[in-house]
Structure formats: C-alpha cells, structure tokens
Number of protein chains: 2
Amino acid sequence: MISIKEVTKQTGITVRTMRYYDQIDLLRPAGKTEGGHRLYGEKEIKKLQEIQFLKTIGFGLQEIKEMLADENHDWFAGLKNQLDYISKEKERLGQIEGTLRGLINEIMLNGNIDLSNMQKLIQLYQQNMDKREGYLNQTFNEEESKLLQSLPNINREDPETLEWIALIAQLKKHMSKGISSPEIQRLIKRMYEKEQEDFGDNKEFIEKVWEIRKSPQKSESAGFYPIDSETLNFFEEAYEFYLNKKGNL
Amino acid sequence: MISIKEVTKQTGITVRTMRYYDQIDLLRPAGKTEGGHRLYGEKEIKKLQEIQFLKTIGFGLQEIKEMLADENHDWFAGLKNQLDYISKEKERLGQIEGTLRGLINEIMLNGNIDLSNMQKLIQLYQQNMDKREGYLNQTFNEEESKLLQSLPNINREDPETLEWIALIAQLKKHMSKGISSPEIQRLIKRMYEKEQEDFGDNKEFIEKVWEIRKSPQKSESAGFYPIDSETLNFFEEAYEFYLNKKGNL
DNA sequence: ACACAAAATGACGCAACATCAACTTCAAGT
DNA sequence: ACTTGAAGTTGATGTTGCGTCATTTTGTGT
C-alpha cells in the first residue's frame, strides 16, 4: 500500500487528478488510513495506467469508467467506433489546415493586410466554398479544367501551385527594381518556362486564365488568388519586355 | 434592423449563442427596442459571419474578440500560428489513429477479447510508447541546437525560401519518373540556376545547410523544411546527373 | 511536544454554449 | 382594448478534466 504522493511519482499523475478520479468513482483507493489518507495498491496503479492509455486514444473519463466496469464490454466495437471518430476529426483538421494555408498564401501574395482587407477575404472565402465550381465549369471545357488545377487556386497545397505563388511573391518583392532588372527578368524567364511546361502550347487557355485574372470579380468567383492589379500590370510589362528581348535574339 | 430570430434564420446561429456573444462583449446588437429586445443590422451580420469563419478555423472566442478589435492585428502571424497548432493537433490525431488501428488489428488476430486480455494489450502498448519517447530524447545535444539558431533566418515567410520549398516538393512529386526524366532534369536545372542566383559563390554556406538537412531532427529543430533522406539522395543523384550532362556539352 | 510536510475537503475557474425556469414584450386577431 | 401565443429577456445550472487557491487535519521525525 502506497501513499498518493508515491502514486504521482510512479505515474506522473497529479494528486488533484487522483482525488478527482476518486470523486467521480473512476478509481477508488484500495483503502484509507485512520485519518482518511488514501492508500493505493498494485492493482490500482495498473488500472490507472489503463485509464491513462484509454485517455490518450481519445476516450472520455465517463466512457472509460463504463468500459472498465463492464466485464462484457465490446472492445472491438468500441475501438472501431473511436477510430471512426478520430478519423473524422483528423479530416476536419485537415480541411482547416487547407483553408489556413490558402489564407496564408493569399496574404503572401497581397502583402500586408489590415482588418478590412481581412474581412473581405474572409467573406470571399465563405462565399467561394460553394460558388466556385459553378463559374468554373461554365468558362472552361473539361481538359482545361484539369489544367486549371495547376494554377494557384484556393485551398490547394500542391507543389506546382506553391511554385506559382513563390514566383509571384518574388516578383512582387523585387518590383521596385523595374521590369528590365536582371532579377525581374530572371523571374519572368522562369515563369515563362514553367508556363510552357505546365500548359505547353495551349495558348488559348493561358489567355483565358489571364483574362480572368484581370477582372477581380471573375477571379473571385473562379477562386483564383486575386492578384492585385499593380502586380498584374507590372507582370504584363515585364513579360512583354522579356518576349521582345527574346524575339530579337 | 432585424430581430434576433431573423439573425438566427439568416445565419443558423442560435439565439442563445447571440446572447452569449453579447454577454462576453464579442458582438453587441446595434440597438434595442424600448422593451429591451435586441436589434441587429447589416454590419453585425457581417461580423457574425467573420466570427463564424474564424471559429471554424479553430480560433477561440476570446482570440477572435481581440483580433477583430485590434485594428493593427498581425493576421499573417496569427494565421501561421494557428496553422502550426492545427498541424500539430492533426499529427497527434494521426498517431492516435495508428495506435487504434494497431489495437484493432491485434484484436482481429487474437479473437478473444475480454477485459483482462484488453488490459494486457493496453499495458503492452504503453510500454512500447514509453520506450519510443526515451529513444527520441537521447539523440539531441545543446551545442547543436545553438549552431542551428545562429544560421540565417530561413523560414516560410520569405518568397525565395518558398520557392525552394516549391521546387523540392515538386522534385518529390515526380521522383518516381527517375533522375533522367525531363521533368526532373528541368527541376534540377531550375534549382541549379536559383542556387547560383541566391548564393553565388558562397559555397560554404550551402554545404552547411545541406549538411543539416541530412538529419531530419536537426532540420526540424532548425525550423527548416524537413527533407526526408530518400528525397535527399534522389536529389544528389539527379544533381550529379545534371552536372555531368552539362559538362559534356 | 513541536515543527513541518503531506493530505484532506471545498470552492471557484476555464470554454462555449445547452437547457431549463420564470418572467416580460411584441404583433396579431377579435 | 384585450387576449393570446410566440418571441424575447435575465438568471441559474450543467457540461469536461482537471488547475489553483484557501483552509484545516493528519502523519512523521526529533
């Protein structure tokens, strides 16, 4: 028989928790001293560890209490149930994660953001949840819809998208250096090459996409990252500059 | 001005919740009738939607209150923080999921599953987990982490870094196509060029960084984007291949 | 016998509401 | 003007798993 302090040393569980478990009748002490101090034995320690384990896999104390009390508990069903629950929770977090990444990406593209901007973004996001598909399917045919996936669009976390974001963000960062600066021209070159790789010679499609980007509203309902017009204009100028230079060689 | 019931109809939020938000000063009604009934306007509905959104991405009401009240709130940092938190939670759930699957498998294999069996299983599992933790904590010393801290601030905020991440992620995605595939070689080429641009002749630094990247744990504590050894090896091979081909031209 | 550690009980706090309970106010119909 | 029922109000209490006081007893070593 060991004291409550000993238990906490052996298991890492706090005194308060032990008393609480006693209180809710989850784990009673094996006995008490005359003065009323709790005393625990081997059996209780083991049970305590079981409780701890069942807690880590997400069960609540009430459930645990019932599970351990019931000799005929259906562990298989219980665990499957729990697995189900945990999986769903994980999936939910996954979606939240995606949304967060999307928002963070947007901020990276747009630079610093204040409250009112954020409010707009949030509302945009909410609307987009269901609106998006409708508009997209109208404007693009199926093949193009597939290609679209590789463009920066909300909620995607794949590497191709990430690189577009990175490129545009860099463009923005170096914008002050002017369209003819080597940094910008290198970036444009990379964007040009990536465009070729990702979309090949599908010129029409590319133009459609840029067409959409030019209109913030269309962008919005298509679920693209809205690129601000300043950056967009800068890009177009730099792009033309690049093509000209290339043509002259 | 609309009644509280109208609000619940439009937003799906319950009356109780509205009153609670009023109580905690998160969202006051725009006004009240003589009798004291709450009245809301457009502005409040919008704010309510923002609150709902921020809630879905996991923020607490107190945080939300502060975020919306503070004109100069750093949304970027806040969201990144939240993403971090959510990611960790997701990972935790992933581990629980794994444990649950393991237990379920064991039960399926062993058939009989009464309380005492389950208790043994549980204790077995717990011991394994303890061992794992001990093992992880050993592999680390203080000096190393200090070295890592002193390296330049490489994190995800910087567009240049973001592109490295994008490139490596793409590399990983196309890994199955082999080091000599055109996709991979194009990526390697871009990486080579970017390396030249970003670091020029500062070879030492690059090597230090790659050295750290080779250890997943070091990477993690340095705040680097962790690259698994498989990808790393693949990169090295593909890089050599690229340099060879280039040398031959 | 006295000091000091360890233990006890009890109460409040947290987060985000749900759920009564007991009244009051609003809008509509007679 | 009066009634009625729906809708609104405040207030209290419960939920989960303890942490954190505050206050009082018990256990132990000298």
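Here the structure is a predicted model, which means the values were calculated and not measured. Lettering of chains follows the sequences in order, A, B, ..., and the numbering in each one begins at 1. Just so you know, these numbers use all the heavy atoms, side chains as well, and skip hydrogens, waters and symmetry mates.
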Using the closest heavy atom to pick a nucleotide of DNA chain D for each, name whichever of A:V15 or B:S3 lands nearer the 5' end.
B:S3
Under 3.5 Å, is there a donor-acceptor pair linking the side chains of A:T11 and A:Q49?
no
Hydrogens and angles aside, do B:E6 and B:Q10 bring a side-chain donor and acceptor to less than 3.5 Å of each other?
yes
Could you tell me the separation between the CD1 atom of B:I24 and the C1' atom of C:dA16, rounded to a whole number of Å?
8 Å
Could you give the CD1-to-P distance, from B:I2 to C:dC26, as a whole number of Å?
17 Å
OP1 or OP2 of D:dT28 sitting under 4.0 Å from any side-chain N/O of A:K5?
no
Integer-rounded Å distance: D:dC18 P and A:L27 CG:
12 Å
Salt bridge check, A:D84 against A:K80: does any charged N sit closer than 4.0 Å to a carboxylate O?
no
Residue B:Y20, side-chain heavy atoms: nucleotide from C:dA8, C:dC17, C:dC26 that is nearest
C:dC17
Under 4.0 Å from OP1 or OP2 of C:dT25: is there any side-chain N or O of B:T33 that close?
no
Quick one: B:F59 CZ to C:dA15 C1', roughly how many Å, whole number?
16 Å
Mind calculating the distance between CZ (B:R16) and P (C:dA15) to the nearest angstrom?
16 Å
B:K32 side chain, from C-beta outward: closest of D:dT10, D:dA7, D:dG19
D:dT10
Is the shortest side-chain N/O distance from B:T14 to OP1 or OP2 of C:dC17 below 4.0 Å?
no
For atom CD of B:E34 and atom P of C:dA27, their distance in whole Å:
10 Å
If you assign each of B:H37 and B:L61 to its closest nucleotide in DNA chain C, which residue comes earlier from the 5' end?
B:L61
Are the charged groups of B:E42 and B:K46 less than 4.0 angstrom apart, N to O?
no
Output the rounded distance in Å from NZ (B:K65) to C1' (C:dA16).
14 Å
Mind checking if A:R38 touches a base, just sugar-phosphate, or nothing, with heavy atoms under 4.0 Å?
sugar-phosphate
Nucleotide of D:dT10, C:dA11, C:dA7 approaching A:R19 most closely (side-chain heavy atoms):
C:dA7
Students often get this wrong, so: under 4.0 angstrom with heavy atoms, is A:I4 touching a base, only sugar-phosphate, or nothing?
sugar-phosphate
Does a side-chain N-to-carboxylate-O contact under 4.0 Å join A:K88 and A:E91?
no
OP1 or OP2 of D:dC18 sitting under 4.0 Å from any side-chain N/O of A:Y21?
yes
Round to the nearest Å and state the distance from A:M18 atom CE to D:dG17 atom C1'.
15 Å
Below 4.0 Å: OP1/OP2 of D:dG19 and any side-chain N or O of A:T17:
yes
